[in-house]
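Counting starts at 1 for both ligands and their atoms, in listed order.
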Amino acid sequence: MAYKTVNPFTNKEIKSYVSLTEREVAEKIDQAEVCFEKWRKTDFATRRAVMKKAASILREKKGEFARLVTLEMGKLISEAEGEVDVTAEIFDYYAENAEKFLAAEVLKPKDGKQAWIENEPLGIILCVEPWNFPYYQLVRVVATNLMVGNVVLVKHASIVPQCAEAFEKLMLNAGAPEGAYTNLYVDSSHIGKIIEDSRIRGVAVTGSEKAGSSVASKAGESLKKSTMELGGSDAFIVLEDADLDQTCMWGMWGRMNNTGQCCVASKRFIVMDSIADQFLNKLVEKFSSLKMGDPMDRSTTLGPLSSESAAKDIAELTKKAIEHGANVVIGGKRPEHPGAFMEATILTNITKENPAYYREFFGPVILFFRVPDEEAAIKLANDSPFGLGGSIYTKDIERAKKIAKQIDTGMVFINKPTWTAPDLPFGGTKHSGYGRELAKEGILEFVNRKLIYVN
Ligand code: NAP
């Protein structure tokens, strides 16, 4: 796919970019390799200064960075500003904590000799990233890897080329040497060839199952370590005693944040029968009050999807779900509105035979299920090819903790949808991928845990 900015609010093309040739990519890898040999020898203070500077530039130019996100993928401007803030926080967090996470680990072998593990950089890490959080997805792999002493090559999604360019400039302006952070405008079909290059030492992907499986198999063939942050279909489990107003607020946020285009969005609402009608009515009321419009306008609460094709895909998936017996409570189709819009939708009566049952809905559509009891809720939550996040709503925290242990996902939150923070590890299981980003778990993904032993 060619790199272009198409404003999803108007569907007008604004700017396009020429993809790199194979030769240009080879030159960028050469440059990254030269940089790595120097960067790996820098001390933490040098790396920390770059991270701190990047955070301060982001804060200073928050408006500019946020505007590009809204322009290219349609995120509400206030959410785009929030993304710039969290990106800066992550830079700060790894500036301050990476050294501690990467400290040598002393071992106590049975023979009484001296032994320890050093966490050493690996080299060039290739990162394939999605458009839904055009900066936050990058900082997760950039702040961690640069603090380790690795360098990164980043293939960003083709619909956010200006954000990709802005991030590369940000790193250079923050003092990162050329080659430490390299933006690659390359077609995804070119990725396999890049992975084969012996200087690429690891591959991190955030994206769909399809992209993940293609890149993971290539990385496997070349014996490269990989991490996969893929799709999800998080359960939002509401127990009988939940505070329904508060839970409804979280349900709206969990599903509608970023117009429903989050890997950890609350996609399947699993609600106890006894309170299901009451809860559904509250959700419908909230959904009806959404204001569709320009994502740059601060009064808009329902923006466009990231692209016309994303809007078509979710509308098609919804249509198929309805054809296979799902009931529409609200929404259900594309609105009479120019741009990449989809109505905020709630579907019920989704049976196991419905192809929608096992699919990820990447947009403003709730799949609403009623269950008789806790056991049925857990069974339904786990009946998914995905295993990313999920959440449970109740006043009985001890009960929620027991349920959380039975949910087969990488993350379970209680009384809040699964979300992210600089110091919490993020990642999934099953088709949601493997490996973790962020926190100590994330920073140790692409290091050589080298054993040193003294006889
Ligand atoms: P996508 O189509 O897989 O794209 C993600 C990235 O992968 C883009 O840079 C894309 O490039 C590239 N790509 C696509 N196919 C590829 C291939 N065969 N080989 C190499 N690279 C390839 O995913 P998306 O639709 O943009 O993003 C939505 C998906 O990402 C959802 O499933 C969502 O749940 C998941 N996601 C997961 C997380 C997480 O942390 N677990 C976070 C955010 C999103 P082009 O743009 O050039 O096609």
Side-chain angles (χ1 to χ4, degrees), residues 1-6 8 16-17 19-20 72-75 83 126-141 153-161 163-164 167 183-196 203-219 226-234 257-267 305-307 309-314 317 359-363 384-390 409-411 418-420 424-438 442 445:
M1 235 160 52
Y3 279 78
K4 325 184 206 182
T5 303
V6 177
S16 64
Y17 291 74
S19 294
L20 296 173
E72 295 200 296
M73 54 70 70
K75 192 185 300 251
E83 180 178 344
L126 174 67
C127 309
V128 178
E129 300 298 329
W131 45 262
N132 63 344
F133 289 88
Y135 305 132
Y136 157 79
Q137 295 293 354
L138 304 188
V139 73
R140 296 200 324 185
V141 286
L153 294 181
V154 179
K155 183 252 176 282
H156 212 330
S158 47
I159 67 168
V160 289
C163 291
F167 206 92
N183 173 43
L184 292 183
Y185 288 134
V186 288
D187 193 273
S188 56
S189 59
H190 198 150
I191 291 294
K193 189 100 199 291
I194 300 174
I195 293 172
E196 280 172 14
V203 189
V205 175
T206 297
S208 59
E209 284 169 278
K210 200 163 158 237
S213 123
S214 157
V215 177
S217 55
K218 201 70 209 173
S226 64
T227 56
M228 294 290 144
E229 296 281 358
L230 310 178
S233 189
D234 287 9
N257 178 29
N258 209 23
T259 323
Q261 304 163 109
C262 298
C263 51
V264 286
S266 308
K267 293 173 187 145
L305 286 134
S306 60
S307 65
S309 70
K312 277 190 184 141
D313 286 353
I314 187 99
L317 199 53
R359 294 288 301 275
E360 176 185 31
F361 277 69
F362 216 57
S384 166
F386 298 105
L388 193 55
T409 61
M411 303 169 281
T418 297
W419 200 235
T420 184
L424 295 179
F426 193 102
T429 167
K430 300 202 273 185
H431 278 209
S432 294
Y434 50 81
R436 292 293 179 268
E437 287 185 353
L438 300 177
E445 288 285 4

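- Environment of NZ in K430: crowded, with over 12 heavy atoms of neighbouring residues, nucleotides or ligands closer than 6.0 Å.
- Atoms of ligand 1 lying under 4.0 Å from at least one heavy atom of H156, given by number and element, are 9 (O).
- For ligand 1, the polar-atom distance check finds no N/O of K210 at less than 3.5 Å from any of the ligand's N/O atoms.
- In plain terms, the two heavy atoms of E437 and E229 that are nearest each other are N-OE2, 3.3 Å.
- Residue-ligand proximity, E360 to ligand 1, at heavy-atom distances under 4.0 Å covers atoms 31 (C), 32 (O), 33 (C), 34 (O).
- Panel note: side chain N258, backbone Q261; a donor-acceptor pair is recorded below 3.5 Å.
- Per-residue contacts place F426 under 4.0 angstrom from the following atoms of ligand 1 (heavy atoms of the residue considered): 39 (C), 40 (O).
- Nearest heavy-atom pair, A157 versus P130, reported as atom, atom and distance to 0.1 Å: CB-C, 3.9 Å.
- With hydrogens and angles left out, the side-chain atoms of Y17 and T5 include no donor and acceptor closer than 3.5 Å.
- Near S158, with a cut-off below 4.0 Å to any heavy atom, the atoms of ligand 1 are 45 (P), 46 (O), 47 (O).
- For atom 40 (O) of ligand 1, the nearest non-hydrogen atom from the set H190, R140, E437, H431 comes from R140.
- The shortest N or O to N or O distance between S208 and ligand 1 is below 3.5 Å.
- Taking all atoms of both residues into account, the shortest heavy-atom contact from Y434 to A216 is OH-CB, 3.4 Å.
- The shortest N/O to N/O separation between K155 and ligand 1 falls below 3.5 Å.
- Across E129, M73, M411, heavy-atom proximity to atom 6 (C) of ligand 1 is greatest for E129.
- Nearest-heavy-atom check against atom 24 (P) of ligand 1 across W131, Y185, F362, F386 picks out W131.
- Which parts of ligand 1 touch V128 is read off a 4.0 Å heavy-atom cut-off, strictly below it: atoms 6 (C), 7 (O), 9 (O), 12 (C), 21 (N).
- With distances taken over non-hydrogen atoms, the option nearest atom 37 (C) of ligand 1 out of D187, L230, L126 is L230.
- Considering L153, I191, V154, T206 in turn, I191 is the only one that fulfils the side-chain contact (heavy atoms from CB on, under 4.5 Å) rule with V128.
- Across T418 and V264, no two heavy atoms sit closer than the pair O-CG2, 3.6 Å.
- Applying the 4.0 Å criterion to heavy atoms of V215 picks out, from ligand 1, the atoms 19 (N), 20 (C).
- Close contacts of ligand 1 with L388, meaning ligand atoms under 4.0 Å from a residue heavy atom, involve 41 (N).
- Ligand 1 has no nitrogen or oxygen under 3.5 angstrom from a nitrogen or oxygen of Q137.
- The 12-atom threshold is not exceeded at CZ of R359, counting heavy atoms of other residues, nucleotides or ligands nearer than 6.0 Å.
- Residues satisfying the salt bridge (charged side-chain N to carboxylate O under 4.0 Å, His left out) criterion with E360, sequence neighbours excluded, are K267.
- Between G207 and ligand 1, an N or O atom pair is found at a separation short of 3.5 Å.
- In terms of polar-atom proximity, defined here as any N/O pair under 3.5 Å, P130 makes no such contact with ligand 1.
- Atom 18 (N) of ligand 1 has its nearest heavy-atom neighbour, among A157, S214, S189, in S214.
- Checked against a 3.5 angstrom limit, the closest N/O atoms of Y3 and ligand 1 fall outside it.
- Ligand-side atoms of ligand 1 in range of I191: 20 (C), range being under 4.0 angstrom from any heavy atom.
- In plain terms, the two heavy atoms of A2 and S158 that are nearest each other are O-CB, 3.6 Å.
- Across all non-hydrogen atoms, the minimal contact from G231 to S432 is O-OG, 2.6 Å.
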